[in-house]
There are 2 protein chains.
Amino acid sequence: MGQKGTETRLRLLDATQELVESGGYFNAGLNQVIAASGAPRGSLYFHFPDGKDQLVGESIRRAGQAIGAAFDDLGGSAPEFVEGVLRLLGDRLEESGWRKGCPVATVALEMAAASDPLQQACSEVYTSWEDALRARLAGRPDADDLAVTVLALIEGALLLAKAHRSREPLDRVTGALATLLR
Amino acid sequence: MGQKGTETRLRLLDATQELVESGGYFNAGLNQVIAASGAPRGSLYFHFPDGKDQLVGESIRRAGQAIGAAFDDLGGSAPEFVEGVLRLLGDRLEESGWRKGCPVATVALEMAAASDPLQQACSEVYTSWEDALRARLAGRPDADDLAVTVLALIEGALLLAKAHRSREPLDRVTGALATLLR
DNA sequence: CCGAAAAAGTAGACCGATCTATATAATGTG
DNA sequence: CACATTATATAGATCGGTCTACTTTTTCGG
């Protein structure tokens, strides 16, 4: 794959990710993806011959890796780390006009029951985040439960924050996390 | 409004709620709503003159009230109550073939940024649940934070359970809740 | 190095299906 | 009759996907 082709492919993935994150699978119409990326329709099906599901699947896997990498960059003890994550996600959500929450959650809720490949993609991204959190909590006897709990708390708080268009849920949850990770 | 009319209206709301809960706003195509409810197309716009947004908005408000009422029926101390809720939601999710999670969450994530009326409807339903939880936690000094935290935890665990098609997230979170409400 | 053949990628018209919504006629019901 | 409701037909936009023609880049024998 040449340089130009790779760039087009990435622009398509970026545009999809942006649209998916702000409103889910059905908000990312292929016409919008094409318009936002500047790529023509033909290129889309050249780079993603299996169509929309492949495009969205790869896009959320990519987003999952990006966020996983951001996790690794964030240091500190476990409580500090989680607070940092919450602050980061809150900033991102508010600065985007309450559009950008979790890039996976909406697709997971929309498509988990309807599409096996997309359900699997979402499940795998979540598993990778759980693994990353578990590594951060290593040593604790209840690290397995705690990793899932922290992720659920973050996802739930992000959902509520988006629904209310307010940071308040994220802030309120931060205190409880201190208790939980104490 | 006569008896027949009221029944048709309710059948439309029920069908919408069912479809919305399993896959969100865009999974509830009006053609599917009509087919599932048995109501004719004309009746839909007679009973819901503002179209789909009104139909979906009323349907999630209705679902919100129904779940709020179910909360009230569940007794026990705060920890017992929350565990009961998690078990109930887990049963519902699994028995529906991993389709029925939170009837509000998907629409909230899909439409919060795009539709003010629907964002408001979702926000109000969540607020009513937060109020109900806060009442259950009355007396605790941190009842406000705790109510939001418990709701976020439930919503997050439901999301992960649907994404993984597994009760495991709900089970793991149950333990953490015991710690939190101790 | 050269230049032609092949591969990679771009471009956009076009298709049938489906979407929400409207318009209008028919029917039931007090 | 008058009003509430049902019933259909259809409008008009948009959906994901396919198709063929075109341009650029890469490959490779001489």
Side-chain angles (χ1 to χ4, degrees), chain A residues 1-20 22-60 106-107 110-111 114-119 121, chain B residues 1-20 22-60 106-107 110-111 113-118 121:
Chain A
M1 185 145 44
Q3 168 122 8
K4 186 85 176 296
T6 307
E7 274 177 20
T8 303
R9 196 172 203 282
L10 284 184
R11 273 190 295 129
L12 282 166
L13 284 173
D14 283 342
T16 303
Q17 189 176 321
E18 181 92 10
L19 289 164
V20 161
S22 108
Y25 183 90
F26 298 100
N27 189 56
L30 296 192
N31 290 325
Q32 290 182 69
V33 170
I34 287 163
S37 69
R41 203 170 199 75
S43 300
L44 196 160
Y45 282 94
F46 174 78
H47 292 288
F48 302 92
D50 289 342
K52 186 172 183 178
D53 279 20
Q54 182 188 2
L55 179 67
V56 172
E58 288 197 27
S59 122
I60 64 179
T106 318
V107 176
E110 286 177 302
M111 306 300 289
S115 159
D116 289 350
L118 283 178
Q119 178 270 335
Chain B
M1 187 145 46
Q3 169 128 5
K4 185 84 175 296
T6 307
E7 273 177 21
T8 302
R9 195 173 203 281
L10 285 184
R11 272 190 295 131
L12 283 166
L13 283 173
D14 283 342
T16 303
Q17 188 177 320
E18 179 91 11
L19 288 164
V20 161
S22 109
Y25 183 90
F26 299 100
N27 189 56
L30 296 191
N31 290 326
Q32 289 182 69
V33 170
I34 288 163
S37 70
R41 187 168 220 76
S43 301
L44 196 160
Y45 283 94
F46 173 78
H47 292 290
F48 304 92
D50 290 342
K52 185 171 181 178
D53 279 20
Q54 182 187 3
L55 179 66
V56 172
E58 289 197 28
S59 120
I60 64 179
T106 317
V107 176
E110 285 177 303
M111 306 300 288
S115 160
D116 288 350
L118 283 177

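Not measured: the values here are computed from a predicted model.
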Engineer: Kindly give the heavy-atom pair with the smallest separation between B/Ile34 and B/Ala39, and that separation in Å.
Structural biologist: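 So the two residues come closest at CG2-O, 2.9 Å.
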
Engineer: Can you check the A/Glu7 CD to D/dT24 C1' distance for me, whole Å?
Structural biologist: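 Computing the A/Glu7:CD to D/dT24:C1' distance gives 14 Å.
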
Engineer: Can you identify which nucleotide, out of C/dT20, D/dT6, D/dG16, has its nearest atom closest to the B/Phe46 side chain?
Structural biologist: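 Closest nucleotide among those given: D/dT6.
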
Engineer: Can you tell me how far P of D/dG16 sits from CG of A/Asp50, to the nearest Å?
Structural biologist: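 One finds 16 Å between P of D/dG16 and CG of A/Asp50, rounded.
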
Engineer: Taking the side chain of B/Lys52 as heavy atoms from C-beta outward, which of C/dA21, C/dT10, D/dA7 is closest to it?
Structural biologist: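 Looking only at heavy atoms from C-beta outward on B/Lys52, the closest nucleotide is C/dA21.
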
Engineer: Considering heavy-atom distances to DNA chain C, does A/Gly38 or B/Phe26 have its closest nucleotide positioned more toward the 5' end?
Structural biologist: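 Nearer the 5' end of the strand: A/Gly38.
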
Engineer: Within the pair B/Ser43 and D/dT6, is there a side-chain N or O less than 4.0 Å away from OP1 or OP2?
Structural biologist: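 Affirmative; the distance criterion is met.
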
Engineer: Over how many whole Å does the gap from B/Asp53 atom CG to C/dT20 atom P extend?
Structural biologist: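 So the two atoms are 11 Å apart, to the nearest Å.
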
Engineer: Using a heavy-atom cut-off of 4.0 Å across all strands, would you classify A/Gly42 as base, sugar-phosphate, or nothing?
Structural biologist: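 A/Gly42: base contact, heavy atoms under 4.0 Å.
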
Engineer: Roughly how far, to the nearest 0.5 Å, is the OG atom of A/Ser59 from the NZ atom of A/Lys52?
Structural biologist: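 It comes to 11.0 Å.
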
Engineer: Find the distance B/Gln54:CD to C/dA21:C1' and express it as a whole number of Å.
Structural biologist: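 The distance from CD of B/Gln54 to C1' of C/dA21 comes to 14 Å, rounded to the nearest Å.
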
Engineer: Whole-Å distance between C/dG9 P and A/Phe48 CZ?
Structural biologist: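 Answer to the nearest Å: 12 Å.
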
Engineer: How many Å lie between CZ on A/Arg41 and C1' on D/dG17, as a whole number?
Structural biologist: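 In whole Å, D/dG17 C1' and A/Arg41 CZ are 7 Å from each other.
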
Engineer: Rounded to the nearest 0.5 Å, how far does OH of A/Tyr25 lie from CD of A/Glu110?
Structural biologist: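 A/Glu110 CD to A/Tyr25 OH: 9.5 Å, rounded to 0.5 Å.
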
Engineer: On DNA chain D, compare the nucleotides closest to B/Ala39 and A/Asn31; which residue's is nearer the 5' end?
Structural biologist: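 Looking at the nearest nucleotide for each, B/Ala39 comes out on the 5' side.
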
Engineer: Checking side chain to side chain contact (heavy atoms under 4.5 Å, CB included) against B/Val33, which of B/Val56, B/Asp14, B/Val20, B/Leu55 comes through?
Structural biologist: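 With B/Val33 as partner, side chain to side chain contact (heavy atoms under 4.5 Å, CB included) holds for just one option, B/Leu55.
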
Engineer: Output the distance between atom CG (B/Asn27) and atom OG1 (B/Thr106), rounded to the nearest 0.5 Å.
Structural biologist: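 The OG1 atom of B/Thr106 is 9.5 Å from CG of B/Asn27, to the nearest 0.5 Å.
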
Engineer: Whether A/His47 contacts C/dA8 is assessed here as follows: a side-chain N or O lying under 4.0 Å from the phosphate OP1 or OP2. Is that the case?
Structural biologist: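 No, outside the criterion.
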
Engineer: Just the rounded figure in Å: distance from P of C/dA21 to CD1 of B/Ile34.
Structural biologist: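 Between P of C/dA21 and CD1 of B/Ile34: 11 Å.
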
Engineer: Send over the distance from A/Gln32 CD to D/dC15 C1', rounded to a whole Å.
Structural biologist: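 Distance, rounded to whole Å: 11 Å.
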
Engineer: Under 4.0 Å between a side-chain N/O of B/Thr8 and OP1 or OP2 of D/dT5, yes or no?
Structural biologist: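 No, B/Thr8 has no side-chain N/O under 4.0 Å of OP1/OP2 on D/dT5.
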
Engineer: D/dT18, C/dT10, C/dT22: which one has an atom nearest the side-chain heavy atoms of A/Tyr45?
Structural biologist: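 From the listed options, D/dT18 comes nearest.
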
